Chemist: 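Okay, here's the structure, questions in a sec.
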Amino acid sequence: MSDIIDFLNARIAEDETEARRELEQLAMTEAKADLRAFAECEAKRKIIAHHERIDWDNEPSRDRDYMEKFLRIVAEVYAGHPDYREEWRP
């Protein structure tokens, strides 16, 4: 699972960089609307952090399967990226 987490962290960083670049080019009223991109990046990071905090040795395997599927769903928005792996498709 660390591969998909590394992949997601890299894509989120790219999203944030792009949002920051776009934000710098917008007028203030437009910028407020674009803050959603930063909130989305933060939400994805919280999902990854939650997954990494779990002690999987003490959790039922079905819970791990569920959480790994959830990560695959999050990663699917990046399916067009050259580093995306088809094995991650939910």
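Given the structure is predicted, the values throughout are model-derived calculations rather than measurements.
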Chemist: What distance do Asp63 atom CG and Asn58 atom CG have between them, rounded to the nearest 0.5 Å?
Modeler: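 That separation rounds to 12.0 Å.
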Chemist: Would Glu40 and Lys44 pass as an ion pair if we require N to O under 4.0 Å?
Modeler: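 Between Lys44 and Glu40 there is a salt bridge, with a charged N closer than 4.0 Å to a carboxylate O.
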Chemist: Nearest 0.5 Å, what's the CD-NE2 distance between Glu68 and His51?
Modeler: 5.0 Å
Chemist: Identify the two heavy atoms, one from Leu71 and one from Leu8, that lie closest to each other, and give their separation to 0.1 Å.
Modeler: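 The pair with the smallest heavy-atom distance is O-CD1, 3.9 Å.
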Chemist: Out of curiosity, does Val77 fall in the hydrophobic cluster containing Ile4 (side-chain heavy atoms, cut-off under 4.5 Å, transitive links)?
Modeler: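 Ile4 clusters together with Val77.
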Chemist: Any idea which heavy atoms bring Ala79 and Arg89 closest together, and the distance?
Modeler: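 In this case the closest contact between Ala79 and Arg89 is CB-NH2, 3.6 Å.
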Chemist: Identify the heavy atoms of Glu76 and Pro90 that sit nearest to each other, and give their distance.
Modeler: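 Residues Glu76 and Pro90, closest heavy atoms: OE1-CG, 3.4 Å.
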Chemist: Hey, what do you get for CZ (Arg72) to CD (Glu87), rounding to the nearest 0.5 Å?
Modeler: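 Arg72 atom CZ to Glu87 atom CD measures 8.0 Å (nearest 0.5 Å).
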Chemist: Below 30° counts as parallel, above 60° as perpendicular, anything between as tilted: where do the rings of Phe7 and Tyr78 land?
Modeler: perpendicular
Chemist: Hey, what do you get for CE (Met67) to CD1 (Ile54), rounding to the nearest 0.5 Å?
Modeler: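 Those atoms lie 5.5 Å apart.
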Chemist: Heavy-atom count check: over 12 atoms from other residues, nucleotides or ligands less than 6.0 Å from His81 NE2?
Modeler: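 Atom NE2 in His81 is crowded, with more than 12 foreign heavy atoms closer than 6.0 Å.
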Chemist: How far does SG of Cys41 sit from CZ of Arg11, to the nearest 0.5 angstrom?
Modeler: 12.0 Å
Chemist: Do Phe70 and Ile48 land in one hydrophobic cluster if side-chain heavy atoms of ILVMFWY residues count as linked below 4.5 Å?
Modeler: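 Same cluster.
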Chemist: As an exercise, state the distance from CZ of Arg53 to NZ of Lys46, rounded to the nearest 0.5 Å.
Modeler: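 Arg53 atom CZ to Lys46 atom NZ measures 10.0 Å (nearest 0.5 Å).
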Chemist: Does Ile73 belong to the same Ile/Leu/Val/Met/Phe/Trp/Tyr cluster as Trp88, with side-chain heavy atoms less than 4.5 Å apart forming each link?
Modeler: no
